[in-house]
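Heavy atoms only: backbone and side chains are in, while hydrogens, waters and symmetry mates are out.
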Amino acid sequence: MLSLIELFQLLAENEEAKPPPQNPLGGFAIPMIIIGFLWYFLLLRPQLRDQRKRKDLLGSLKKNDKVITIGGIIGTVTNISSDGNEVTLRIEDNAKIRMLRSSIQTVVADEKDNDKEQTS
């Protein structure tokens with residue numbers, strides 16, 4: 001039979017032979033967290049900011065605003081439908097066109113407004 005000292009030596013050898021406990025994620029979590037932060041700050045956040053700006057621009061659209069459409073048409077808003085989805089633009093003296101509100105790209109500041117801002 002084994003003596004008590006031999007038994008302790010065998011147990012000590014078995015403890016030394018065990019590998020250290022492994023991280024269950026294997027060092028995978030930290031790079032994924034960093035990638036998540038980069039994705040949010042470089043891609044998602046600017047896109048959400050641009051969407052909010054566009055929504056505010058289309059929400060503040062009113063009669064007599066000079067606008068440029070996605071197709072490059074420059075006109076003046078003459079009417080906004082009651083449901084707010086359609087806009088009528090005056091392109092020239094007698095030319096009017098109905099289009100969706102979402103097809104407006106930008107609102108152009110009038111030269112008169114620019115003059116007022118510069119003199120103030």
Side-chain angles (χ1 to χ4, degrees):
M1 263 192 130
L2 294 174
S3 68
L4 192 57
I5 296 173
E6 291 174 347
L7 183 61
F8 283 131
Q9 286 175 347
L10 284 174
L11 289 174
E13 289 174 5
N14 285 339
E15 288 293 323
E16 291 173 5
K18 287 183 182 177
Q22 294 286 329
N23 184 358
L25 298 176
F28 187 66
I30 293 174
M32 288 306 292
I33 291 171
I34 292 171
I35 289 171
F37 277 113
L38 288 174
W39 178 77
Y40 175 77
F41 285 107
L42 294 178
L43 297 174
L44 186 63
R45 190 171 176 207
Q47 183 179 8
L48 292 174
R49 184 181 59 232
D50 291 343
Q51 286 177 352
R52 192 176 318 114
K53 263 175 67 174
R54 178 157 173 77
K55 184 179 176 184
D56 292 343
L57 174 85
L58 293 178
S60 67
L61 195 63
K62 59 189 180 302
K63 190 174 180 177
N64 295 326
D65 279 348
K66 191 171 182 180
V67 296
I68 300 175
T69 66
I70 292 173
I73 298 172
I74 300 172
T76 305
V77 177
T78 58
N79 187 21
I80 299 174
S81 67
S82 59
D83 65 353
N85 289 332
E86 289 184 9
V87 175
T88 305
L89 296 181
R90 185 181 70 236
I91 299 177
E92 289 184 5
D93 294 332
N94 294 327
K96 290 186 179 181
I97 186 171
R98 277 184 20 202
M99 57 182 33
L100 295 176
R101 177 180 250 172
S102 60
S103 64
I104 294 175
Q105 183 177 11
T106 59
V107 175
V108 180
D110 290 332
E111 293 176 11
K112 295 175 187 177
D113 293 339
N114 289 339
D115 291 340
K116 289 179 185 177
E117 290 176 6
Q118 289 176 359
T119 57
S120 299

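We find the OG1-CZ distance between Thr106 and Arg54 to be 9.5 Å, quoted to the nearest 0.5 Å. How far OG1 of Thr78 is from CD1 of Ile91: 10.0 Å, rounded to the nearest 0.5 Å. Here the NZ atom belonging to Lys66 is positioned 6.5 Å from the CD1 atom belonging to Ile74, to the nearest 0.5 angstrom.
Residue Ile33 is grouped with residue Phe41 when hydrophobic side chains (ILVMFWY) are merged at heavy-atom distances under 4.5 angstrom, including chains of intermediate members. Both Leu48 and Phe37 are assigned to one and the same hydrophobic cluster, defined by single-linkage of ILVMFWY side chains at heavy-atom distances under 4.5 Å. Note on Ile30: it does not cluster hydrophobically with Phe28, by side-chain heavy-atom contacts below 4.5 Å among ILVMFWY residues.
Among residues two or more places apart in sequence or in another chain, the side-chain contact (heavy atoms from CB on, under 4.5 Å) test is passed with Asn94 by none. The side-chain contact (heavy atoms from CB on, under 4.5 Å) check on Glu92 picks up Ala95, with sequence neighbours excluded. Under the side-chain contact (heavy atoms from CB on, under 4.5 Å) criterion, Leu61 pairs with Asp65, Val67, Val77, Val87, Arg101, Ile104, Val107, sequence neighbours left out. Residues that satisfy the side-chain contact (heavy atoms from CB on, under 4.5 Å) test with Leu38, not counting sequence neighbours, are Ile34, Leu42.
Among residues at least two apart or in separate chains, salt bridge (Lys or Arg N to Asp or Glu O under 4.0 Å) pairs with a member in residues 78-91 are Glu86-Arg98. Screening residues 31-43 for salt bridge (Lys or Arg N to Asp or Glu O under 4.0 Å) gives no qualifying pairs among residues at least two apart or on separate chains. The side-chain hydrogen bond (donor to acceptor under 3.5 Å, both in side chains) analysis of residues 32-50, with sequence neighbours excluded, yields no pairs.
Clustering of Ile, Leu, Val, Met, Phe, Trp and Tyr side chains at separations under 4.5 Å leaves Ile70 isolated, with no partner residue.
Of the options Thr76, Asn79, Thr69, a side-chain contact (heavy atoms from CB on, under 4.5 Å) to Leu89 is made by Thr69 and by none of the others.
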